[in-house]
Amino acid sequence: MSPSSRPSVPSAAPSDAPLASADAPQAGPGRWRSNPALTRRSLLSLGVAASAMGALAACGSNTGRDEAPVGGGGTSGGSTPTLNQWYHQYGEAGTQQAVQRYAKEYPDATVKVTWKPGDYDQSMVATLLTAGAPDVFEYGNGPTIDMITGGQVADLSDLFGDAKADFDQALIDRVTYQGKIYAIPQVLDSQVLVYRKSALQKAGVTPPATVDELLAAAKTLTSGDVKGLFVGNDGGVSILGGPMLWASGLDYLTKENTFGFDDPKAVAAFTKLRELFASKTLLLGAPKDWFDASALTQGLAAMQFTGLWNLPAIEKAIPGDYGVLPWPAMPGGAPAVPVGAYGACVFAKGKNVDAAKKFVKWLWIDSTDRQLDWAQSYGFHIPARQSLVGRAEKLKSGPAAEAAKIVTDHGHAQTPLLWTPKCSTAFGDMMTRIVKEGADPKAEIAKVKAVAEAELERLGV
Amino acid sequence: MSAARRAPPWRRRLLGRQNQNLWFWVFVGPFFAGLVLFIYVPIAWSAYLSFFEAYNTVSPTRMVGFANYTDMLGDPNFRSSLTTFLVFAAFIVPTTFALSLATAVLVARTRVAQAFFRSVFFLPTACSYVVAALIWKMSIFSGVRSGLANTVLGWFGAESVPWLSVTNPPWYWLVIVSARLWLQVGFYMILFLAGLQRIGPHLYEAAAIDGATGWKAFRHITFPLLRPTSTAVLLLLLINAFQAFDEFFNILSSFGTYPPYARPPLVYLYYTALGQGQDFGHGSAGAIILTAVIAVIAVAFNRLFVREAD
């Protein structure tokens with residue numbers, strides 16, 4: 001039902017389309033004049049167009065009318081309940097086997113794991129509208145505010161106990177709403193600034209500590225087809241908004257949940273991004289975007305803001321020839337990196353809410369060995385708990401250790417819980433207009449403020 | 001047969017002569033049911049949702065009347081997406097029309113390997129929009145020197161152009177438009193070829209005797225006699241432009257974000273109603289408004305081009 005699979009040519013039209021009439025006996029143009037065929041065709045095509053609109057809406061609407069429970073947590077009659085658990089498809093080899101093993105090892109319930117390829121977020125929000133939703137599921141940065149206010153996810157606060165202080169504070173705040181915690185962070189992910197040591201040495205550049213130094217470094221490191229810095233093919237529009245706000249001492253929303261960056265410092269920060277974009281020192285249009293390290297490892301750029309998950313690939317491609325930094329500070333601010341995590345959530349309208357809560361407590365709070373295995377054995381992630389970071393072998397030396405420290409010291413939750421998708425869209429539009437088109441930051445910020453304040457009002461804040 | 005004869009008259013009437021009505025429904029029924037279930041119910045449901053506040057739900061309870069409609073019409077982004085569509089349609093419809101007509105006339109004239117040329121031009125139609133969009137984005141118009149377009153520029157000593165990253169000049173239109181032309185021209189060329197073959201050669205012969213050849217013959221014979229095909233092609237092109245989604249989405253979106261420029265209505269509604277937004281009320285209202293706009297344009301088109309022919 002994805003719109004992208006829709007055929008480009010209306011499929012109902014050909015019954016009366018000229019292609020078919022080519023086989024008809026030679027009737028001459030007069031046939032067309034006296035025949036109402038065209039009117040009919042217009043109507044038909046109109047119907048096709050209307051259907052396409054309907055189909056768009058249908059993608060969403062046919063998900064909610066399914067009232068029949070689709071294998072939704074049916075109890076197996078006896079003592080142990082059956083729980084359904086969903087994960088998105090992780091790329092690293094062995095992850096699927098690992099979660100299946102964890103599920104099997106859980107003694108108090110039969111846990112059925114579903115591994116979902118494709119657009120996980122979208123199928124998840126759609127499934128939550130039905131009775132067939134899984135009892136336990138992970139969601140990026142915990143549940144959305146609409147899931148919480150819609151009563152779709154269970155309050156997990158009482159599961160944490162003493163362990164609460166051990167979890168990364170930024171993440172716990174991110175999944176907390178009105179004092180209740182709605183998800184258990186599984187592992188941490190982040191983005192850091194990675195640079196090639198040899199390139200910087202050759203150009204006589206020291207690792208930048210401020211945004212101004214970064215701009216200067218990018219300029220020095222640019223020569224011919226090698227660019228100084230890679231922050232994504234959109235010039236950082238989609239990943240640098242948050243870091244620039246935090247680096248200036250601001251955030252999307254204030255602690256009191258009011259609009260956070262109607263401030264001259266934000267104007268200055270976004271103006272810098274525009275300057276960077278216009279300086280011709282950014283790599284733009286790389287075959288693989290910022291989430292992949294090949295721009296750095298193939299020598300297309302000397303520095304790259306990229307995901308922590310790339311460190312093993314970078315180590316393999318250019319062993320020892322790289323260092324990591326946080327996104328540098330703006331005047332009067334501090335360096336910053338975003339922190340995100342998949343959070344384990346419990347479907348509040350399921351049949352076995354208590355059993356599901358027990359299971360997530362067992363897996364993501366009590367079983368520290370499994371949490372460590374999950375963070376370290378398959379890809380490269382940071383455990384969500386401080387006590388486990390100390391036990392993680394991979395994080396004990398080199399750039400990986402630095403990265404772990406950067407995340408602890410400078411991490412900010414990617415976006416606040418109350419920053420809704422609508423706010424994100426408005427923010428993205430603002431970033432594009434300022435950075436790519438050189439629009440006035442002050443006016444653009446005001447537009448986002450209007451959208452965000454309307455959303456906050458809708459949520460009753 | 002005997003059963004039908006013995007049946008009461010109301011039943012006979014219902015079944016029709018030789019059970020015609022019964023068989024009609026046996027054959028048409030499944031498709032009709034599918035049409036109703038997957039097309040008309042969703043359309044009606046969408047219209048219903050458009051009057052409600054429906055975040056994350058398709059069985060909403062809070063009715064808001066026309067608020068969703070006024071919101072959408074007041075939304076500068078939605079209005080700008082409609083403008084984007086109009087500009088895009090105003091450009092792509094005549095361009096595709098002219099190019100496919102020109103190729104059709106050239107291919108029809110070719111004496112050598114006509115079937116070969118016909119197939120070659122038609123082949124892109126078989127290509128998926130998504131695949132073409134990715135090829136355009138990642139290999140032809142990638143911003144680095146290894147991209148095809150930049151390699152060609154390099155032969156002339158020009159600097160690499162980040163085609164999809166800059167907005168001034170708006171090179172992204174070149175990428176989108178060229179992808180769409182490559183995908184579509186062949187299909188409409190076939191439609192025109194079919195139309196061309198319906199024009200009797202005796203007309204050209206008669207015209208040639210009167211001295212009308214080349215451009216004159218095209219102007220006074222080919223083009224007027226192609227009118228039915230042209231009208232159909234124009235309408236199909238217009239609707240296709242309205243449905244623009246695949247190549248825009250796949251060329252310009254990145255990580256769940258889409259830039260505010262070159263954002264046609266369907267892409268904007270996709271982000272409003274689907275994605276993480278799940279705002280079905282506003283999304284449905286937008287879809288209904290869009291349908292109304294298409295309806296108005298199609299009716300106007302009909303008046304303009306079809307009535308005139310009568």
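- Pairs of residues two or more places apart, or lying in two chains, that qualify as side chain to side chain donor-acceptor pair (under 3.5 Å) and include a residue from residues 233-242 of chain A are A/Asp234-A/Ser238.
- In the displayed structure, B/Phe223 atom CZ is contacted under 6.0 Å by at most 12 heavy atoms of other residues, nucleotides or ligands.
- If you measure heavy-atom distances from A/Met430 to chain B, you find no contacts under 4.5 Å at all.
- Seen from the ring of B/Tyr55, A/Arg458 counts as a face-on cation partner, given the 6.0 Å and 45° thresholds.
- A/Leu282 does not touch chain B: none of its heavy atoms, backbone or side chain, sits under 4.5 Å away.
- If you measure heavy-atom distances from B/Asn77 to chain A, the contacts under 4.5 Å come from the side chain alone.
- B/Ser165 contributes no side-chain N or O that, together with a main-chain N or O of A/Leu284, makes up a donor-acceptor pair within less than 3.5 Å.
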Taking only distance into account, with no hydrogens and no angle test, what donor-acceptor pairs under 3.5 Å do side-chain atoms of residues 417-426 of chain A form with protein atoms, sequence neighbours excluded?
unit_1: A/Thr420; atom_1: OG1; unit_2: A/Cys423; atom_2: N; d: 3.4
unit_1: A/Thr420; atom_1: OG1; unit_2: A/Glu455; atom_2: OE1; d: 2.7
unit_1: A/Thr425; atom_1: OG1; unit_2: A/Pro421; atom_2: O; d: 3.0

Please assess B/Val144 against A/Leu300 for the test side-chain contact (heavy atoms from CB on, under 4.5 Å), listing each intermediate value before the final yes or no. CA-CA 8 Å; B/Val144 290; A/Leu300 298 174; 4.1 Å; yes
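- We find the OH-NZ distance between B/Tyr261 and A/Lys436 to be 2.5 Å, quoted to the nearest 0.5 Å.
- The line from NZ of A/Lys227 to OG of B/Ser160 is 7.5 Å long, rounded to the nearest 0.5 Å.
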Test B/Thr167 against A/Arg433 for side-chain contact (heavy atoms from CB on, under 4.5 Å), laying out the working first. CA-CA 9 Å; B/Thr167 54; A/Arg433 292 196 182 111; over 6 Å; no
